[in-house]
There are 2 protein chains.
Amino acid sequence: MSKQRKFEKVRVFYEKRATILKALAHPVRLFIIDELAKKEKCVCELRDLVGSDISTVSKHLLLLKNAGLVKDRKQGLQVFYSLQVSCVLKFFDCVEAVIGAEQQRYQATRRKAA
Amino acid sequence: MSKQRKFEKVRVFYEKRATILKALAHPVRLFIIDELAKKEKCVCELRDLVGSDISTVSKHLLLLKNAGLVKDRKQGLQVFYSLQVSCVLKFFDCVEAVIGAEQQRYQATRRKAA
DNA sequence: GGCTTATTTTACCAAATAGCCAAATAAGCT
DNA sequence: AGCTTATTTGGCTATTTGGTAAAATAAGCC
């Protein structure tokens, strides 16, 4: 019983982590993060870049904000969003490494098959 | 038209990134990754630790494997999984920082309200 | 106040995900 | 081959997520 169901005891901890990662786990949101890393942008600018309904973009931004990844600043009619946590960018290097390794394995398999 | 719908041109790139992050975006899978970082484990060990149906655990592992994050090794009746990409662990430090900052903001708000 | 523009919220539908059980597969043992 | 154990796969339902359109808010301008 000692090691069993260890997860139950740490569930809340991992749920918090998962919230952050869920916020990142969407192509549009990852794109938005990269854009905001360059420069703060208003919702309408992001809508033009992304090309979907502004309400959709707004929801993506709310999700990122609730996760603590971006912050917003109101200026007149517009709301400008900017990146709150720059360390996420470093993580993408790791993600790229995973993708690269994956492709290498795929090509190795193809060579073997040929 | 120059900057508009930029996302369409880079969509595939961000979809690949999102695949990796989706694989990470689940409390049980994050727990499994931490466990595998310590030591390779068979599916039944992980089932005991997690406490859900073995088929559920197996599916989580398949997902992590397809994302290139873990690898498997068959030994007799058992299948042992281990962490393939250790750099994900470093990212969790960033995630913890986000959570920490979030809590600080929350407490600051409470102080203001009180 | 009324008009316009930017953003958010609500309501609703479609698609994806997570979980469990049962059946199928795989590997060892006698 | 028959039995047992470990894991994977398929089928099903419940829940969550993603998207759009329409309504509601918010801020500026006349």
Side-chain angles (χ1 to χ4, degrees), chain A residues 3-5 7-8 11-12 14-33 35-36 40-67 69-82, chain B residues 4-5 7-8 11 14-33 35-36 40-67 69-82:
Chain A
K3 285 184 71 182
Q4 234 147 340
R5 288 183 190 258
F7 176 65
E8 282 313 314
R11 157 168 266 152
V12 176
Y14 284 101
E15 278 171 354
K16 274 184 203 152
R17 275 195 180 179
T19 304
I20 314 285
L21 286 157
K22 272 184 205 160
L24 291 169
H26 189 287
V28 167
R29 292 195 291 269
L30 290 173
F31 171 75
I32 288 176
I33 283 178
E35 288 299 318
L36 296 183
E40 70 163 11
K41 291 189 175 63
C42 69
V43 185
C44 55
E45 280 180 283
L46 291 168
R47 177 207 52 201
D48 289 346
L49 289 166
V50 171
S52 51
D53 196 284
I54 193 163
S55 69
T56 306
V57 175
S58 178
K59 275 187 189 172
H60 283 311
L61 288 165
L62 178 65
L63 225 148
L64 289 170
K65 188 179 139 190
N66 285 341
L69 295 166
V70 304
K71 57 173 185 254
D72 60 344
R73 172 178 78 81
K74 194 164 252 174
Q75 187 185 314
L77 281 179
Q78 291 168 317
V79 179
F80 285 88
Y81 282 84
S82 57
Chain B
Q4 236 150 338
R5 288 182 189 255
F7 176 64
E8 283 312 315
R11 158 167 266 152
Y14 284 102
E15 278 171 353
K16 274 184 203 154
R17 276 196 180 179
T19 304
I20 313 286
L21 286 157
K22 272 185 207 160
L24 291 169
H26 190 287
V28 168
R29 291 196 292 269
L30 290 173
F31 171 75
I32 287 175
I33 283 178
E35 287 300 320
L36 296 184
E40 68 162 12
K41 290 188 175 63
C42 69
V43 184
C44 55
E45 279 181 284
L46 291 168
R47 177 207 52 204
D48 289 346
L49 289 166
V50 170
S52 50
D53 195 284
I54 194 164
S55 69
T56 305
V57 175
S58 177
K59 278 180 187 173
H60 282 312
L61 288 165
L62 179 65
L63 225 148
L64 289 170
K65 187 178 140 189
N66 286 341
L69 295 166
V70 305
K71 57 174 186 251
D72 60 344
R73 172 177 79 81
K74 193 164 253 174
Q75 186 184 313
L77 281 179
Q78 292 168 316
V79 178
F80 285 87
Y81 281 84
S82 57

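Throughout, protein chains are lettered first and strands after them, A, B, ... in sequence-line order, and every chain is numbered starting at 1. Note that the structure is a prediction, hence the values are computed from the model and not measured.
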*Could you state the CG-C1' distance from Asp48(A) to dA6(C), rounded to the nearest angstrom?*
12 Å
_Distance, rounded to the nearest Å, where Leu61(B) contributes CG and dT9(D) contributes P_ = 12 Å
*Which part of the nucleic acid, if any, lies within reach of Tyr81(A) when heavy atoms closer than 4.0 Å are counted: base, sugar-phosphate only, or nothing?*
sugar-phosphate
_Rounded distance (Å) that lies between atom C1' of dT5(D) and atom CZ of Arg47(B)_ = 11 Å
*Rounded to the Å, how far apart are Phe80(B) CZ and dA27(C) C1'?*
14 Å
*With distance as the sole test, does Glu45(B) use its side chain to make a donor-acceptor pair with the main-chain N or O of Cys42(B) at under 3.5 Å?*
yes
*Among all residues two or more places apart in sequence or in another chain, which pass the ring-ring contact (aromatic ring centres under 6.0 Å, His included) test with Tyr81(B)?*
none
Write out a two-atom table: protein N or O, nucleotide N or O from nucleotides 16-19 of chain D, distance below 3.5 Å.
residue, atom, partner, partner atom, Å
dG18(D), OP1, Arg29(A), NH2, 3.4
dG19(D), OP2, His60(A), NE2, 2.8
dG19(D), O6, Lys59(A), NZ, 3.1

*Specify the separation, in whole Å, of atom CG of Leu64(B) and atom C1' of dA18(C).*
14 Å
*Could you check how far NZ of Lys65(B) sits from P of dT7(D), rounded to whole Å?*
13 Å
*If you look at every heavy atom in Ala18(A) and Ala25(B), which pair is closest and at what distance?*
CB-C, 4.3 Å
*Which residue lies toward the 5' end of DNA chain C, Gly51(B) or Leu62(A), if each is placed at its nearest nucleotide?*
Leu62(A)
*Return the minimal non-hydrogen interatomic distance between Val50(A) and Glu8(B), and the atom names on each side.*
O-OE2, 4.5 Å
*Which heavy atom in Leu46(B) sits nearest to a heavy atom in Leu36(B), and how many Å separate them?*
CD1-CD2, 4.2 Å
*Any residue of residues 70-78 of chain B with a heavy atom less than 4.0 Å from an atom of DNA chain C*: Lys74(B), Gly76(B), Leu77(B)
*asked:* Given 3.5 Å as the limit, does a donor-acceptor pair link the side chain of Lys41(A) with the main chain of Glu35(A), or not?
replied: yes
*Keeping the roles fixed (side chain from Arg29(A), backbone from Lys22(A)), state whether a donor-acceptor pair exists under 3.5 Å.*
yes
*Between His26(B) and His60(B), how do the two ring planes meet: parallel, tilted or perpendicular, split at 30° and 60°?*
tilted
_Side chain Arg47(A), main chain Val57(A), donor-acceptor under 3.5 Å_ = no
